[in-house]
There are 2 protein chains.
Amino acid sequence: MLLSKRCIYALRAALYLALAKTDGEYISIQKIASELNISFHFLTKILQDLQRKNLVISFRGPRGGVALARPDTEITSMDIIRAINGEDVFAQCIMGLPGCGTETPCPMHEDWARSRKAIETVFNNTSLATLAEQTVKKHLRLTEPKARTE
Amino acid sequence: MLLSKRCIYALRAALYLALAKTDGEYISIQKIASELNISFHFLTKILQDLQRKNLVISFRGPRGGVALARPDTEITSMDIIRAINGEDVFAQCIMGLPGCGTETPCPMHEDWARSRKAIETVFNNTSLATLAEQTVKKHLRLTEPKARTE
DNA sequence: GACAAAGCAGACAAAATAGTCTTAATACTT
DNA sequence: AAGTATTAAGACTATTTTGTCTGCTTTGTC
């Protein structure tokens with residue numbers, strides 16, 4: 001698995017918020033969790049992480065919940081990934097050698113650097129708005145497909 | 001971390017074997033473990049996995065050890081990765097949605113498919129021979145850089 | 001002010017991954 | 001045949017990640 005579950009859940013929740021388009025309103029974590037089929041408490045902690053990184057804001061009490069801290073056009077999937085999995089998720093040497101860098105590369109350094117670049121570009125260029133737009137335009141789904149009852 | 005530690009160790013060990021170029025001789029796991037600074041018992045299990053996938057062969061007793069099962073030109077890093085982390089390491093949906101596919105894609109499907117392709121290409125085109133060649137030609141290192149004693 | 005609806009915080013439990021140890025089985029050497 | 005060097009196998013432990021629970025705090029409503 002490329003991304004951790006925390007990270008995947010964070011991406012899905014953020015996209016959910018982007019799709020919600022509630023001007024000024026907050027959405028309860030409970031609702032997000034149940035719609036996305038993620039454990040409520042677990043998602044709470046993940047969203048708290050996003051909050052600490054100033055990607056979402058939250059509000060307590062009735063009609064409280066969470067919302068994106070910035071317009072969805074200004075949050076990239078990379079922002080989410082870095083917030084959860086750390087700044088250097090993709091920076092690390094593919095062969096796990098601590099000192100790997102341009103001066104003392106590991107044998108895979110060059111090849112990996114190129115494909116890492118490709119990955120980073122994708123995530124950097126994919127804002128939540130982009131994802132939301134895709135989702136709407138192509139009638140895509142955010143949750144797991146319903147089990148067919150035949 | 002993109003690849004698991006098992007996988008990284010497996011890659012390093014396989015490359016070590018490719019570099020060894022002992023015609024017909026076996027190299028003891030003990031030696032590989034100590035040179036690559038990997039736990040001996042842990043590496044043993046990893047190499048056993050590679051053996052079950054017919055990537056290495058082993059021999060017991062004095063002068064025993066392990067060796068590549070095929071010429072290093074015929075083993076790709078993807079072979080190692082798949083052997084350790086499963087056939088579908090990179091096949092999985094980036095957003096973790098089980099039913100994600102061309103008919104019912106997740107919102108990231110298209111973008112991710114492209115960069116996944118790039119990753120797969122790199123690993124598929126990188127044989128152990130290629131890595132070994134790089135290592136020799138550029139005087140690269142396989143182990144961690146020595147701590148400088150100044 | 002009492003109550004209810006939310007997020008917050010931290011302890012706890014379960015599962016996955018990583019790593020260790022002990023005992024066997026095998027093969028060479030003398 | 002005995003001793004030694006090696007992998008094989010499986011039990012065990014440790015660490016990290018994932019997930020759960022319980023109680024607390026904040027905020028709105030009546």
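Residue numbers begin at 1 in each chain, while the letters A, B, ... track the order of the sequences.
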ask   = Does any N or O in the side chain of A:T126 come within less than 3.5 Å of the main-chain N or O of A:V122, such that one atom is a donor and the other an acceptor?
value =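 Indeed, once roles are kept as given, a pair shorter than 3.5 Å links the two residues.
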
request  = Mark yes or no for a side-chain to base donor-acceptor pair under 3.5 Å between B:R60 and D:dT7, with no hydrogen or angle criteria applied.
outcome  =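 Answer is yes: a donor-acceptor pair is held.
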
task = Go through the N and O atoms of the side chain of A:K45 and the base of D:dT20, and report whether any donor-acceptor pair is under 3.5 Å.
result =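 Result: at least one qualifying N/O pair found.
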
inquiry  = For A:R63, is the CZ atom crowded, meaning more than 12 foreign heavy atoms sit under 6.0 Å from it?
reply    =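 Not more than 12 within 6.0 Å, no.
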
query = Does the side chain of A:N85 come under 3.5 Å of the side chain of A:S4 through a donor N or O and an acceptor N or O?
reply =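 Result is yes, a qualifying pair exists.
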
inquiry  = With heavy atoms of chain B within less than 4.0 Å as the criterion, where does contact along DNA chain C begin and end?
reply    =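 Terminal contacting nucleotides, 5' to 3': C:dA18 to C:dC28.
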
message = Return whichever of A:F42 or A:P62 has its heavy-atom-nearest nucleotide of DNA chain D closer to the 5' end.
response =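 Nearer the 5' end of the strand: A:F42.
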
What is the distance, to the nearest angstrom, from the [atom1] atom on [X] to the [atom2] atom on [N]?
X	N	atom1	atom2	result
B:R52	D:dA8	CZ	C1'	9 Å
A:H41	D:dC24	NE2	P	15 Å
B:L17	D:dT7	CG	P	11 Å
A:F59	D:dT25	CZ	C1'	13 Å
A:I84	D:dT16	CD1	P	19 Å

inquiry  = Strictly below 4.0 Å: does A:Y9 bring a side-chain N or O up to OP1 or OP2 of D:dG19?
reply    =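 Answer is yes, contact under 4.0 Å.
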
message = Over all strands shown, is A:Y26 touching base, sugar-phosphate only, or nothing at heavy-atom distances under 4.0 angstrom?
response =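 Since no nucleic acid heavy atom lies under 4.0 Å of A:Y26, the category is nothing.
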
Sorted by number, the residues of residues 27-34 of chain A with heavy-atom contact under 4.0 Å to DNA chain C =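 Heavy-atom contacts with DNA chain C come from A:I27, A:S28, A:I29.
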
